[in-house]
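Here the structure is laid out as structure tokens; the discussion comes afterwards.
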Amino acid sequence: AGGGPTGCGEGLAAEWEGAEPLVGLERGEGEGLEMDKSNIMLVGPTGSGKTLLARTLARLVDVPFTIADATSLTQAGYVGEDVESVLHKLYVASGQNVEATQLGIVYLDEVDKVARKADAIAMTRDVSGEGVQQALLKMLEGSVVNVPEKGGRKNPRGEYVAIDTSNILFICGGAFSGMQAVVEERMRTKVTHIGFQAEVKGGAAEAAPAKDAPKGVAGTPPVLVEDLIAYGFLPEFVGRFPVTTQLHELTEAQMVEVMSRPRNALLKQYSALFAADQVQLHVTQGALHAIARRARQSATGARGLRSIVEAVLLDSMFELPGWRTAGVHHAVLTAATVEQGASLDLWPLAARRKVEADAAKSEVGGSTDEEAAVSAVGGL
């Protein structure tokens with residue numbers, strides 16, 4: 001037929017036996033075709049890997065990448081950063097190469113913070129919420145934006161760089177606190193059909209999740225476009241994100257892998273800190289799962305792992321120079337250390353006994369000094 005790939009070949013059209021006719025997608029001879037981008041909206045709890053996902057994607061395709069914070073953006077003319085500052089960061093990340101900038105990826109973090117609030121109707125102007133959404137519309141869709149070459153506010157006398165955003169991929173992410181309540185409200189307000197042989201939909205049993213269901217399981221109701229609009233986003237803003245994907249809370253097994261397997265894994269970093277004092281750090285499986293359980297209870301996702309490991313190993317890192325002097329070569333982190341605050345298991349055994357003896361002496365010496373201080377105060 002036409003001079004290009006066809007949506008349905010003549011052979012299939014002749015043999016098609018379906019009730020619905022096929023639609024011809026043939027391109028005419030010499031007819032050009034432009035591929036449009038599909039911006040992405042990531043919805044997921046904190047610490048579920050949204051930023052890491054976008055950063056890894058940019059590294060794999062080898063394009064400029066930048067992360068911008070939506071909370072600092074305001075409408076033009078107000079205190080804060082203009083939306084053009086997002087493109088300036090990408091321009092700097094590309095080495096001030098305009099052509100590379102026009103093929104980059106922008107990750108707009110904390111985008112849920114620019115949603116229109118329920119009490120914003122009484123305000124004269126929502127400059128950090130709805131105003132930011134309106135300012136981003138043309139940039140997201142694809143247009144030529146004049147960006148200050150040196151960043152900062154627009155100046156009529158300043159120099160500008162024209163950047164075409166038609167091929168810049170925008171990825172927005174946010175925790176969207178309270179979105180689950182919006183989804184449940186939508187499911188509760190579905191039309192209920194009543195009558196003989198009628199299927200009842202939208203009941204309370206369908207809307208409410210099971211009490212014993214784990215958080216973030218695959219059975220969680222998906223977030224739809226109407227949910228984002230009800231949350232406080234403009235329909236035209238949501239329409240510029242054809243792809244909406246939902247990330248779930250990390251499971252205990254996934255957190256164990258995050259701590260130990262990636263290239264820059266958290267425990268590998270602490271192992272390098274111990275190795276600087278000639279002590280090799282070892283971790284048991286029980287300790288990994290104990291740390292993961294505590295992180296899930298804190299509801300901070302993968303970000304909570306560092307704070308937990310830091311608290312568990314803080315005293316041990318303070319004692320590292322003394323352990324090296326005592327001849328300690330190995331330190332084992334066990335579940336008892338995480339759950340009960342026990343000391344690390346030190347090896348070889350002789351070195352551990354020496355460390356314990358030195359600790360006992362220091363405790364006795366500390367108590368003697370305290371008694372002496374009390375006696376001196378009493379004598380006064």
**Report entry** Sub-4.5 Å side-chain heavy-atom contact between Phe65 and Arg55
**Finding:** yes

Query raised in the report: Looking at side-chain heavy atoms only, is the closest gap between Tyr91 and Gln96 below 4.5 Å?
Result: yes

Query raised in the report: Say you draw a straight line from CZ of Arg27 to CG of Leu33; how long is it, rounded to the nearest 0.5 Å?
Result: 5.0 Å

Report summary line: Between the CD atom in Gln280 and the NE2 atom in His329, the distance rounded to the nearest 0.5 Å is 11.0 Å

**Report entry** Ionic contact status for Glu356 with Arg353, cut-off 4.0 Å
**Finding:** no

Report summary line: When every non-hydrogen atom of Val114 is compared with those of Ala70, the smallest separation belongs to CG1-O, 3.6 Å

Query - Student check: side-chain heavy atoms of Val223 and Tyr231 closer than 4.5 Å - result: no

Query raised in the report: Atom CD in Glu339, atom CD1 in Ile291: separation rounded to 0.5 Å?
Result: 10.0 Å

Query raised in the report: Is Val355 linked to Leu281 within one hydrophobic cluster, defined over Ile, Leu, Val, Met, Phe, Trp and Tyr using a side-chain heavy-atom separation of less than 4.5 Å?
Result: yes

Query raised in the report: Heavy atoms, side chains only, cut-off 4.5 Å: are Lys37 and Asn39 in contact?
Result: yes

Query raised in the report: Does the Asp277 side chain pair with the main chain of Val279, one donor and one acceptor, at a distance under 3.5 Å?
Result: no

Report task. Answer yes or no: is there a side-chain heavy-atom contact under 4.5 Å between Ile229 and Val225? Result -> yes

Query raised in the report: Is there a donor-acceptor pair closer than 3.5 Å between any side-chain N or O of Lys50 and the backbone N or O of Cys172?
Result: no

**Report entry** Nearest heavy-atom neighbours spanning Leu305 and Met259
**Finding:** CD1-CG, 3.6 Å

Query raised in the report: Considering all heavy atoms of both residues, which atom of Met179 and which atom of Leu228 are nearest to each other, and what is their separation?
Result: CE-CD2, 3.7 Å

Query raised in the report: Around atom NZ of Lys268, are there more than 12 heavy atoms of other residues, nucleotides or ligands at under 6.0 Å?
Result: yes

Report summary line: Taken to the nearest 0.5 Å, the spacing of Leu288 CG from Glu257 CD works out to 11.0 Å

Query - Sequence neighbours excluded - side-chain hydrogen bond (donor to acceptor under 3.5 Å, both in side chains) pairs with any residue from residues 301-323 - result: Thr46-Arg303, Gln269-Arg306, Tyr270-Glu310

Query - Side-chain heavy-atom pair His282, Ser271 within 4.5 angstrom cut-off - result: no

Name the atoms and distances for all side-chain donor-acceptor pairs under 3.5 Å in residues 97-110, with sequence neighbours left out.
from: Asn97; atom 1: OD1; to: Glu99; atom 2: N; distance (Å): 3.1
from: Asn97; atom 1: OD1; to: Ala100; atom 2: N; distance (Å): 3.4
from: Thr101; atom 1: OG1; to: Ser94; atom 2: OG; distance (Å): 2.6
from: Thr101; atom 1: OG1; to: Asn97; atom 2: O; distance (Å): 2.7
from: Gln102; atom 1: OE1; to: Asp164; atom 2: N; distance (Å): 3.0
from: Glu110; atom 1: OE1; to: Lys113; atom 2: NZ; distance (Å): 2.6

Query raised in the report: Short question: side chain of Arg240, backbone of Glu236 - any donor-acceptor pair under 3.5 Å?
Result: yes

Query raised in the report: What closest approach, in Å, do Leu250 and Ala302 show between heavy atoms, and which atom pair accounts for it?
Result: CD1-CB, 3.9 Å

Report task. Test Glu81 against Lys89 for side chain to side chain contact (heavy atoms under 4.5 Å, CB included), laying out the working first. Result -> CA-CA 12 Å; Glu81 296 183 3; Lys89 293 178 180 178; 4.0 Å; yes

Report task. Report yes or no: does Thr165 contribute a side-chain atom to a donor-acceptor pair with the main-chain N or O of Ser143 at less than 3.5 Å? Result -> yes

Query raised in the report: Do NZ/NE/NH1/NH2 and the carboxylate oxygens of Glu252 and Arg293 come within less than 4.0 Å?
Result: yes

Query raised in the report: How about Arg116 and Phe237: do any of their side-chain heavy atoms sit closer than 4.5 Å?
Result: no

Report task. Indicate yes or no: at least one non-hydrogen side-chain atom of Val111 is less than 4.5 angstrom from one of Phe241. Result -> no

Requested in this report: Check the pair Leu313, Phe274 against side chain to side chain contact (heavy atoms under 4.5 Å, CB included), reporting the backbone distance first and the verdict last.
Outcome: CA-CA 10 Å; Leu313 296 179; Phe274 273 68; 4.3 Å; yes

Requested in this report: Determine, using the 4.5 Å side-chain heavy-atom cutoff (strictly less than), whether Val61 and Leu169 are members of one ILVMFWY cluster.
Outcome: yes

Report task. Starting at NE2 of His289, measure out to CE of Met255 and round the result to the nearest 0.5 Å. Result -> 13.0 Å

Report task. Using the side chain to side chain contact (heavy atoms under 4.5 Å, CB included) rule, take Leu90 and Ile163 through it: C-alpha gap first, then chi angles, then the decisive distance, then the call. Result -> CA-CA 10 Å; Leu90 185 63; Ile163 298 177; over 6 Å; no

Query raised in the report: Backbone N or O of Val338 within a donor-acceptor pair of the Arg294 side chain at under 3.5 Å?
Result: yes

Requested in this report: Verify the cluster assignment for Leu53 and Val43: are they in a single hydrophobic cluster under the rule of side-chain heavy atoms below 4.5 Å apart?
Outcome: no

Requested in this report: Say whether Leu247 and Ile40 are linked into one hydrophobic cluster, either directly or through other cluster members, by side-chain heavy-atom distances under 4.5 angstrom.
Outcome: yes

Query raised in the report: Taking the side chain from Thr334 and the backbone from Val283, do they hold a donor-acceptor pair closer than 3.5 Å?
Result: no

Query raised in the report: Should Leu42 and Val182 be counted in the same cluster of Ile, Leu, Val, Met, Phe, Trp and Tyr side chains packed under 4.5 Å apart?
Result: no

Query raised in the report: Which pair of non-hydrogen atoms, one from Val86 and one from Thr66, has the smallest distance, and what is that distance?
Result: O-CG2, 4.2 Å

Query raised in the report: Any idea which heavy atoms bring Pro222 and Asp227 closest together, and the distance?
Result: O-OD2, 3.9 Å

Report summary line: To the nearest 0.5 Å, atom CG of Leu140 lies from atom CD1 of Ile168 at 10.5 Å

